[in-house]
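No experiment lies behind these values; they were computed from the predicted model shown. Index from 1, following the sequence.
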Amino acid sequence: MEANTKDNSSGSSKYKPRQERFSVQRALELLGLIDGDNSDLEDLSDNDDPILDANYQPPPQEQSSSEDEDDSSDDEDPIPQPTEHSRGRSGTGTGTDTGSSRTPRRRRQTQQIDADRSDDDSEEPTPGPSTQGQPNTGRGLRWRATPLTPDLAQFEHEDETELDRNGWTPLNYFEQYIDRDLMKMISDCSNAMSLSRSGDPLNTSVDEVYHFFGACILMSCIRYPTIRMYWSKALRITAITDRFTRDRFFRLRGSIKVLIDDDVPEDLRKRDKFWKVRPFLDRILQGCKSQNRPECASIDEQMIPFTGACPYRQYLPMKPNPVGIKNFVCATADGIVLDFDLYQGKGALLEQVEEEEVGLGLGGLVLARLCQTLHRGTKVYCDRFFTSIRCVEQMVKKEMYITGTIMKNRLAGAKEKLPSDKTMKNTGRGTSSELSTEDGKMCLVKWYDNKPVLMMSVVHGTEPEDTCQRWDKKLKQYVTVSRPSIVREYNLKMGGVDLIDRMISYYRMSARTKKWTMRMLMHFTDLALANSWLLYRKDLAICATPKKSIMQFLEFRTEMATTLLAQHHGQGSDADLSEQSEEEDHSNQGKKRPVTAVPHVSVRRRANAHLPEMISLKNAARCRVAGCTGRTRVRCVTCKVFLCLQGDRNCYTAFHT
């Protein structure tokens with residue numbers, strides 16, 4: 001081995017012996033996580049905890065279709081209502097075609113064939129779905145210009161538990177989503193996967209994982225252009241640099257794992273595209289589902305920004321972050337997330353809903369999925385992507401009451417009974433019209449502000465109306481506009497998901513990374529922090545705490561980062577692993593060649609005491625004079641700088657004169 005090292009040391013790169021690789025079972029045996037006699041791998045987590053169970057059941061997967069692509073490209077802004085041309089594709093019943101000159105002939109031939117086939121079929125054809133995958137039902141409903149008479153079930157209130165959180169610290173709120181058991185699982189899986197893949201032990205501990213997340217949170221509060229600047233001499237942050245070196249931080253960042261890959265079967269990998277981070281997502285979801293269910297909730301889309309390669313990356317041009325992973329979120333009006341589901345195609349949602357809901361479009365399936373954890377009698381607010389007549393009727397059977405904007409191509413026969421846009425524009429701003437079904441349990445309201453707005457509800461109608469202030473471009477002043485009750489309630493209850501998005505965007509962990517798994521971990525950590533602060537502020541407001549005593553979001557995140565960086569349990573194997581990590585770092589630092597600064601020009605040109613010194617062949621280095629590419633074994637005794645004495649240029653003389 002020594003002979004090989006000497007032979008290779010004369011090359012351009014230093015020889016590094018290859019680390020021995022181990023199987024996952026051997027890695028677990030070396031780390032002491034399983035016994036050597038067991039042939040099967042044991043789960044690193046406690047089987048009693050559904051979140052840490054390795055045999056989790058992720059949702060199934062189906063390839064995305066063109067229908068889903070049309071759904072994902074929808075604009076989620078409900079006001080103002082877009083025109084048909086802005087949708088990009090015409091819906092059912094539009095009757096327009098932008099094809100080539102041969103299209104009319106083909107259309108006539110197709111119609112003739114369909115007519116011939118319809119003579120043989122005994123069943124009546126059903127209408128096709130609309131452009132957004134929502135069935136265009138409701139043609140048999142009769143609409144009348146009568147007020148809404150809602151028939152609602154009484155909401156089942158939960159016992160208030162805000163007083164149980166009296167005296168909680170920010171860490172207590174945060175541990176509802178990320179606790180020590182999750183950190184222990186991350187530490188064990190990261191050590192096992194590192195030893196199995198590269199043969200080089202990571203030797204991380206639970207405390208070090210806490211320190212890593214605390215450093216990431218602190219970096220989002222104190223932003224530098226690059227991560228390396230946090231270890232620079234001029235701008236270093238001692239709270240971070242005292243915990244680990246720069247290289248150790250980057251190694252942890254590239255080695256974080258939340259499960260052992262070999263424990264996941266191949267069929268589950270195909271069904272769940274996000275299986276690599278599923279245990280982490282399930283733990284965050286468990287914390288969200290543990291919150292009290294309010295009487296009103298909102299459902300909307302959320303984009304996780306990421307432009308690299310990842311499964312089911314979406315593009316929504318009207319979003320602040322148009323490229324990333326789509327996440328459907330259910331939240332309260334205060335912005336507290338209650339439930340979420342990552343988009344993996346319509347097939348993944350079909351396996352999570354009941355059989356009678358299979359015929360709904362993508363928006364209806366999302367509503368059915370996210371309303372499973374809500375109580376009977378809950379009022380749900382959503383935008384036009386989710387709202388359709390059939391979806392509203394289906395949710396009424398479950399005693400879930402939908403209110404939201406709706407597209408005009410989903411209104412069926414009700415659109416003809418509403419006044420035209422031109423008529424309402426001539427009447428003036430604030431004009432509204434209301435239609436309801438024969439039984440009076442569903443209403444449709446058209447309100448004209450700057451543009452017409454269509455809304456559907458089984459809870460709110462036009463009455464009681466109020467007024468609001470709107471800016472008039474012609475008069476250059478605010479004017480008073482009449483506003484229906486359904487618009488007022490929608491604006492008050494619909495902004496929960498937008499609020500949590502805004503809180504996350506203020507101090508997002510946006511460090512550059514090519515790994516979508518790391519982006520997901522950082523995003524849902526941000527979501528847990530935002531949820532914790534909103535719940536913390538809500539509890540203190542109920543207790544009538546002065547506003548000066550309530551921490552702002554930045555102060556809350558900084559306090560959490562400091563707490564995580566100060567975590568030290570020092571129990572069992574964690575302390576041993578941390579000591580091994582420190583010993584390894586010290587041993588690696590001892591092998592590094594010391595770097596000495598070049599003396600000032602006044603020192604190196606002061607006298608003739610700078611004599612050349614011959615160095616051994618293995619310590620040869622390049623010349624330090626700018627522009628010289630020669631290698632030398634000569635070093636100045638005083639300056640400790642390698643200089644070249646060969647060639648046309650005498651760098652040694654030039655450096656000292």
Side-chain angles (χ1 to χ4, degrees), residues 75-81 147-148 150 152-155 157-158 160 162 291-302 328-339 367 370-371 374-375 377-387 392 395 400-406 429-432 434 442-471 478-504 530-531 533-535 537-539 541-542 547:
D75 179 16
E76 60 101 25
D77 187 9
I79 300 175
Q81 190 78 6
L148 175 70
L152 308 180
Q154 185 176 3
F155 176 74
H157 289 274
E158 288 184 337
E160 297 293 335
E162 284 82 3
Q291 306 302 326
N292 288 340
R293 264 43 192 168
E295 185 176 1
C296 299
S298 62
I299 295 177
D300 204 351
E301 299 169 336
Q302 180 187 72
F328 295 107
V329 180
C330 176
T332 66
D334 299 332
I336 300 174
V337 176
L338 304 175
D339 198 357
L367 277 179
L370 295 180
C371 289
L374 300 178
H375 295 323
T378 303
K379 302 173 184 177
V380 182
Y381 298 82
C382 55
D383 61 12
R384 55 187 181 157
F385 178 82
F386 307 93
T387 312
V392 173
M395 299 306 295
M400 299 286 176
Y401 306 113
I402 307 298
T403 300
T405 55
I406 188 171
R429 296 178 65 175
T431 305
S432 62
E434 180 180 2
M442 183 188 306
C443 78
L444 181 66
V445 176
K446 185 174 183 179
W447 179 55
Y448 191 88
D449 189 14
N450 287 325
K451 290 183 179 180
V453 179
L454 290 170
M455 303 193 72
M456 178 174 288
S457 177
V458 294
V459 182
H460 310 289
T462 304
E463 300 296 335
E465 290 189 351
D466 66 341
T467 58
C468 60
Q469 298 294 319
R470 290 289 188 269
W471 178 258
Y478 285 97
V479 296
T480 302
V481 177
S482 178
R483 179 177 59 177
S485 173
I486 185 174
V487 178
R488 179 183 68 253
E489 295 297 327
Y490 180 85
N491 291 336
L492 289 175
K493 309 293 176 54
M494 184 56 195
V497 181
D498 294 335
L499 176 60
I500 193 72
D501 274 346
R502 188 167 71 249
M503 300 307 303
I504 293 176
N531 247 26
W533 179 75
L534 291 172
L535 190 61
R537 186 183 64 171
K538 178 181 177 181
D539 292 344
I542 293 176
K547 290 185 177 181

Could you tell me the separation between the [atom1] atom of [X] and the [atom2] atom of [Y], rounded to the nearest 0.5 Å?
X: Met442; Y: Ser457; atom1: CE; atom2: OG; value: 9.5 Å
X: Ile486; Y: Met455; atom1: CD1; atom2: CE; value: 4.5 Å
X: Tyr448; Y: Asn450; atom1: OH; atom2: CG; value: 7.5 Å
X: Asp383; Y: Asp300; atom1: CG; atom2: CG; value: 5.0 Å
X: Arg488; Y: Lys493; atom1: CZ; atom2: NZ; value: 9.5 Å
X: Thr387; Y: Leu367; atom1: OG1; atom2: CG; value: 7.0 Å

Any non-hydrogen side-chain atom of [X] less than 4.5 Å from a side-chain atom of [Y]?
X: Gln291; Y: Thr332; answer: no
X: Leu534; Y: Ile500; answer: yes
X: Leu444; Y: Ile406; answer: yes

Check: [X] side chain, [Y] main-chain N or O, donor-acceptor pair, under 3.5 Å:
X: Asp339; Y: Cys330; result: no
X: Arg470; Y: Gly430; result: no
X: Ser298; Y: Gly495; result: no
X: Trp447; Y: Thr462; result: no

Check your understanding: Please walk me through it: do Arg293 and Thr378 pass side-chain contact (heavy atoms from CB on, under 4.5 Å)?
Key -> CA-CA 9 Å; Arg293 264 43 192 168; Thr378 303; 5.9 Å; no
Looking at every non-hydrogen atom in both residues, tell me the closest pair between [X] and [Y] and how far apart they are.
X: Glu463; Y: Ser485; value: O-CB, 3.6 Å
X: Phe386; Y: Ile299; value: CE1-O, 3.8 Å
X: Met503; Y: Trp533; value: CE-CZ3, 3.4 Å
X: Glu434; Y: Cys443; value: OE2-CB, 3.9 Å
X: Ile402; Y: Cys382; value: CG2-SG, 3.7 Å

Check your understanding: Yes or no on side-chain contact (heavy atoms from CB on, under 4.5 Å) for Lys538 and Ile336, after CA distance, side-chain angles and deciding distance?
Key -> CA-CA 10 Å; Lys538 178 181 177 181; Ile336 300 174; 4.3 Å; yes
Check your understanding: side-chain contact (heavy atoms from CB on, under 4.5 Å) with Pro150: which residues, sequence neighbours excluded?
Key ->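 Pro150: side-chain contact (heavy atoms from CB on, under 4.5 Å) contacts with Leu148, Leu152.
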Point to revise | Residues that Ala153 engages under side-chain contact (heavy atoms from CB on, under 4.5 Å), provided they are two or more places apart | key: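 By the side-chain contact (heavy atoms from CB on, under 4.5 Å) rule, Ala153 matches Arg376, Glu399, Tyr401.
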Point to revise | Plane angle bin for Tyr381 and His460 - parallel if under 30°, tilted between 30 and 60°, otherwise perpendicular | key: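 Ring orientation of His460 relative to Tyr381: parallel.
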Review point. Can Ser432 and Glu465 be said to form a side chain to side chain donor-acceptor pair (under 3.5 Å), step by step?
Key: CA-CA 10 Å; Ser432 62; Glu465 290 189 351; 3.2 Å; yes
Review point. Passes side-chain contact (heavy atoms from CB on, under 4.5 Å), Glu301 versus Phe328? Steps please.
Key: CA-CA 5 Å; Glu301 299 169 336; Phe328 295 107; 3.6 Å; yes
Exercise for review: Run the numbers on Thr403 and Glu489 for side-chain contact (heavy atoms from CB on, under 4.5 Å), then give the verdict.
Suggested key: CA-CA 9 Å; Thr403 300; Glu489 295 297 327; over 6 Å; no
Check your understanding: Would you say Gln469 has more than 12 foreign heavy atoms packed within less than 6.0 Å of its CD?
Key ->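 Yes, enclosed.
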Point to revise | All side-chain hydrogen bond (donor to acceptor under 3.5 Å, both in side chains) counterparts of Thr467, not counting sequence neighbours | key: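 None.
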